[in-house]
Structures are given as C-alpha cells and as structure tokens.
Asks: 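Just passing along the structure, written as structure tokens.
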There are 2 protein chains.
Amino acid sequence: MHINDIIDNIYPLPEKSKALLKENIYEVNYPKAHVLFKVNRIESKMYFIEKGMVRAYANPGDEEITFWFGKEGDAVVSMKNYVQNKKGYETIELLESCVMRELNTEHLRKLFDDDIHIANWGRKFAEQELIKVEERLIFRQCRTAMERYKELMATDPELLQRVQLGHIASYLGMTQVSLSRIRSGLK
Amino acid sequence: MHINDIIDNIYPLPEKSKALLKENIYEVNYPKAHVLFKVNRIESKMYFIEKGMVRAYANPGDEEITFWFGKEGDAVVSMKNYVQNKKGYETIELLESCVMRELNTEHLRKLFDDDIHIANWGRKFAEQELIKVEERLIFRQCRTAMERYKELMATDPELLQRVQLGHIASYLGMTQVSLSRIRSGLK
DNA sequence: GCAAAAATTTTACAAATGATAAAAATTAGT
DNA sequence: ACTAATTTTTATCATTTGTAAAATTTTTGC
C-alpha cells in the first residue's frame with residue numbers, strides 16, 4: 001500500500017498539506033522481530049506500514065498482552081509517546097519483515113499547529129482508533145471465548161493466517177491453551 | 001465545574017476560538033434517569049457535565065455492559081454519532097440529576113474545518129480518551145477481578161460512593177455477585 | 001536434510017467466576 | 001413512617017478458564 005493512500009485513508013488531505021506531511025517522511029525497512037517501540041521509552045516516531053505486519057503488547061517481563069495488530073495501511077504509534085510525550089506502556093515489534101515510512105512526531109506536532117487539514121487528519125486518526133478500541137472493550141466483555149474466536153474467524157481470517165496463535169489468543173483475551181481447546185472443539 | 005474550565009482542560013483554547021465554540025452551547029438540566037443518547041440512534045449532540053454523573057452502556061435488552069462513567073468536567077458523546085455520524089452502539093443515561101452544557105456537533109464539525117485551534121481541541125479530546133480506553137483494555141486482561149476492584153478503590157474511591165455496585169461490577173468486567181463476593185472477602 | 005528451537009496441542013487438575021435463587025438491606029414514593 | 005421497589009448479599013452448584021507439564025507438530029538455522 002502506498003504512503004499516499006495510507007495518509008488519505010485516514011483523512012483525505014489536500015496536496016499542499018500532504019506535501020508538508022511527507023517532507024519529513026522517509027522509507028525504512030526492518031526485519032522480522034525488530035522492535036519499533038520499547039516499553040518505558042519516549043520515541044518521537046510514527047510509522048506507516050506499506051508492507052508487513054506488527055503487534056503491540058504490554059506488560060513485558062510478566063506476561064505479554066497483545067492488544068493491537070497493524071498491517072498494510074495502518075499507522076503505528078506508541079500512544080503515550082505520541083499524545084503526551086511520555087513513556088510508552090507498550091512494546092511494538094515486527095511479526096514480518098516490513099516496508100514502512102517513518103515520520104518524526106515532533107515535526108508532526110508543529111504541523112498540527114500550522115496546518116488545519118493536518119490537525120483534522122490527526123483528529124480523525126485518533127477518533128477512528130478510539131472507536132475500534134471502545135468496541136473491542138465492549139465486545140470482549142459480552143462474548144465467551146469461543147464467540148470471540150469465531151468472530152475473528154469471520155471478520156479477519158487473514159489475521160489467523162499471518163499471526164501465530166499465541167498472539168491471537170492474547171489478543172482475544174484468553175490463554176493459548178484455551179484457544180487450542182476451542183479450535184479442536186470446532187472441528 | 002464551569003464550562004470554560006471543562007473546555008480548557010481538554011485543550012486550552014484562545015479566547016476567540018472559545019467564543020466561537022460557546023456560541024452554540026447552552027445550559028440544560030435533566031433529572032436522574034434521563035437518557036441523553038439512545039442506542040441505534042443518530043444524535044448530533046455533545047454534552048459537558050458541570051454537575052452530576054452519567055454512564056454509558058452497550059447491549060441493552062440482552063445484558064448491559066457499562067463501559068464508561070462521566071462526571072463533572074467530562075465531555076459526553078456517543079462515539080459513532082460524533083465521529084462517523086452513524087447509529088450509536090451505546091445508551092447514555094444520567095445517574096444523578098445533572099447540570100450540563102449542550103453543543104450541536106454538526107456545528108462543531110464546521111468549526112473543525114474553520115478554526116485550527118478547535119480542530120486541535122477535537123484532536124486532543126479523542127487522543128486522551130483513546131489512551132484511557134486502551135489502558136483499560138490492557139488492564140482488564142492482566143488483573144484478576146479482585147485486583148481490578150482494589151485498583152478502583154485506590155484510584156477512584158469517589159466512584160464507589162456515587163455509583164451503584166451493579167454498574168461498577170459491569171464496568172470492572174464481572175458480575176454483581178462476583179463483586180459482592182470480593183467485597184465481603186476484603187472485610 | 002537434520003538437529004535444535006519454537007509453537008501448538010493435549011491432558012489432568014485446580015481455581016476463579018458465572019448462574020440461579022432467595023434472603024437481607026437499602027432506597028424511594030406516597 | 002410504611003410499603004413497595006430496588007439493590008446488595010449470601011449460598012449452592014455448574015462451567016469456564018487457567019496452570020503445569022508432556023507430547024506433538026512446525027519452523028528455523030546450519
């Protein structure tokens with residue numbers, strides 16, 4: 001997916017604004033297992049995934065909670081870094097080797113103050129993500145483990161192909177053993 | 001809490017922008033149990049709570065999942081309405097009689113396009129809410145029911161005073177019976 | 001292609017939480 | 001203040017999910 005489409009999918013930007021935004025964006029390539037954001041660090045970076053897959057997880061050391069997957073077309077940020085310039089609660093690592101575009105978020109902050117279209121682009125990005133997480137929080141609570149797995153099979157079968165089951169289990173809020181039990185029961 | 005402080009707490013606005021925003025804001029008073037947003041409806045409204053308490057819940061009819069509480073200083077929206085102009089997945093009702101300020105969000109959308117400060121105000125609002133929900137989703141998964149209750153006691157004891165336990169239980173992702181059991185075990 | 005590592009499944013058991021129903025306590029309305 | 005309605009607690013039992021460890025399968029690196 002091309003960077004122009006990724007940007008416009010979030011919120012269509014006029015050419016001038018897009019050019020401004022792209023001034024500080026450059027391509028990066030990282031191998032599988034590379035870490036983009038490390039927990040408890042402040043990074044002034046944002047990435048757009050042109051090719052590949054990443055995951056965000058919290059609580060490393062203790063137990064990893066995978067709470068987000070990113071793939072082609074997604075923007076990758078560590079929320080606390082991005083929003084509050086504070087230490088992130090998550091680690092974000094590559095699940096596949098990736099082609100991405102990197103953007104400096106300090107630069108982005110300046111653009112938010114100068115360009116109303118980019119400000120609204122940033123607004124839309126946060127708003128869309130917000131809805132996704134809120135729906136996920138609700139959904140998590142009112143469905144059983146099996147329902148959650150079935151729903152994922154129905155809505156995002158690709159994820160099951162590309163991501164190992166241990167991460168899927170965590171993402172669905174269950175243990176790997178539980179997921180395995182559910183999968184075998186469905187056959 | 002005064003409307004000026006509520007607005008500035010989200011993101012400090014210059015006087016001119018604040019005046020623009022306040023042009024279409026007016027005071028409303030509703031009694032306990034009044035419904036601000038009904039599930040599956042589109043409402044072009046947003047509220048700021050000066051006094052009182054509200055809750056948002058999803059899945060009415062089947063089982064209510066309380067996923068958000070709002071009190072003095074909070075902004076109240078139905079996310080799908082607000083962001084995508086689509087039917088909301090939640091119902092929002094008053095838990096106490098409230099003094100609020102009502103804002104038309106169609107008007108707000110125009111302001112987003114015209115005033116960069118207001119656009120950034122909207123961005124900040126979504127971003128802050130996003131972090132809260134994301135942290136809640138993670139926290140929910142890596143703590144036991146008792147840990148979640150203890151955490152709430154520590155971080156927001158006021159909520160336990162003002163809101164009935166059935167709603168608290170749902171908010172914490174457990175049944176009321178479970179919460180009651182936990183409470184009695186702590187004595 | 002083979003050995004080592006990693007991921008997944010399986011099994012057995014334990015613990016936490018849910019469902020249901022009923023009693024007790026609290027709150028609200030007249 | 002009294003009754004009805006609502007909320008909270010208690011008790012019992014069923015079920016889901018987690019933990020731990022071993023067996024199996026798949027993936028990876030040389």
Side-chain angles (χ1 to χ4, degrees), chain A residues 31-35 52-53 55 57 59-66 69 93-97 138-153 157 159-187, chain B residues 30-35 52-53 55 57 59-66 69 93-97 137-153 157 159-187:
Chain A
K32 183 172 171 167
H34 175 82
V35 170
M53 185 113 212
R55 73 164 178 133
Y57 63 95
N59 241 31
D62 185 359
E63 184 203 3
E64 290 181 6
I65 313 279
T66 297
F69 292 111
E93 65 164 19
L94 306 207
L95 297 177
E96 305 169 354
S97 71
I138 294 165
F139 179 76
R140 170 75 58 89
Q141 191 164 338
C142 60
R143 308 287 173 203
T144 65
M146 183 182 288
E147 286 168 338
R148 301 201 297 272
Y149 175 67
K150 280 184 177 171
E151 165 87 7
L152 188 70
M153 280 204 307
L159 198 69
L160 292 167
Q161 299 302 317
R162 289 175 77 176
V163 177
Q164 67 190 54
L165 291 169
H167 298 151
I168 299 274
S170 172
Y171 180 74
L172 291 174
M174 63 187 82
T175 61
Q176 178 159 12
V177 174
S178 242
L179 178 56
S180 187
R181 186 158 35 199
I182 285 164
R183 281 163 57 85
S184 78
L186 288 178
K187 274 169 212 156
Chain B
Y30 290 117
K32 182 171 173 171
H34 175 81
V35 171
M53 187 114 211
R55 74 164 178 133
Y57 64 95
N59 243 32
D62 185 0
E63 184 203 3
E64 289 181 5
I65 312 279
T66 298
F69 292 112
E93 66 164 19
L94 307 206
L95 298 177
E96 304 170 354
S97 71
L137 182 73
I138 295 166
F139 179 76
R140 169 74 58 89
Q141 190 164 338
C142 60
R143 309 286 172 202
T144 64
M146 184 182 288
E147 285 168 339
R148 301 201 297 273
Y149 175 66
K150 279 184 177 170
E151 165 86 8
L152 188 70
M153 280 204 308
L159 197 68
L160 292 167
Q161 298 303 317
R162 290 176 76 177
V163 177
Q164 67 189 56
L165 291 170
H167 298 151
I168 299 274
S170 172
Y171 180 74
L172 291 175
M174 65 187 82
T175 61
Q176 176 159 11
V177 175
S178 240
L179 177 58
S180 188
R181 184 158 39 199
I182 285 164
R183 282 163 55 86
S184 78
L186 289 178
K187 274 170 211 156

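Heavy-atom basis, side chains included; hydrogens, waters and symmetry copies ignored. Below, chains carry the letters A, B, ... as their sequence lines are ordered, and counting in each starts from 1.
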Asks: From CZ of B:R183 over to C1' of C:dA24, roughly how many Å is that when rounded to an integer?
Replies: 15 Å

Asks: Could you check how far CG of A:L179 sits from P of C:dT10, rounded to whole Å?
Replies: 12 Å

Asks: Do you know the tightest heavy-atom contact between B:I65 and A:C142?
Replies: CD1-CB, 3.7 Å

Asks: Figure out the CD/P separation between B:E147 and C:dA15, and round it to whole Å.
Replies: 16 Å

Asks: Assign each of B:V177 and B:Q164 to its nearest nucleotide of DNA chain D by heavy atoms, then name whichever residue's nucleotide is nearer the 5' end.
Replies: B:Q164

Asks: Using whole Å, what does the distance between atom C1' of nucleotide C:dA7 and atom CD1 of A:I168 come to?
Replies: 13 Å

Asks: Measure NE2/A:H167 against P/C:dA6 and give the value in whole Å, please.
Replies: 13 Å

Asks: To the side chain of A:S178, which of C:dG18, C:dT8, D:dT17 is closest?
Replies: D:dT17

Asks: Measure CE/B:M174 against C1'/C:dA16 and give the value in whole Å, please.
Replies: 12 Å

Asks: Looking at A:R162 and A:E96, is any side-chain nitrogen of the basic one under 4.0 Å from a carboxylate oxygen of the acidic one?
Replies: yes

Asks: C:dT9 C1' sits how many Å from A:L165 CG, rounded?
Replies: 10 Å

Asks: Hey, which of these two, A:S180 or B:T175, hits DNA chain C nearer its 5' end, going by closest nucleotide?
Replies: A:S180

Asks: If you compare every side-chain N and O of B:S184 against the phosphate oxygens of D:dT10 (OP1, OP2), does one of them come in below 4.0 Å?
Replies: yes

Asks: It should be established whether A:R181 places a side-chain nitrogen or oxygen under 4.0 Å from OP1 or OP2 of nucleotide C:dT10.
Replies: no

Asks: Check whether B:Y57 forms a cation-pi arrangement with B:R55 (NZ or CZ under 6.0 Å from the six-membered ring centre, at most 45° off the ring normal).
Replies: yes

Asks: Measure the distance from CE on B:M146 to C1' on D:dG18 and round it to the nearest whole Å.
Replies: 17 Å

Asks: Looking only at heavy atoms, what is the nearest atom pair of B:R140 and B:L172, with distance?
Replies: NE-O, 3.5 Å

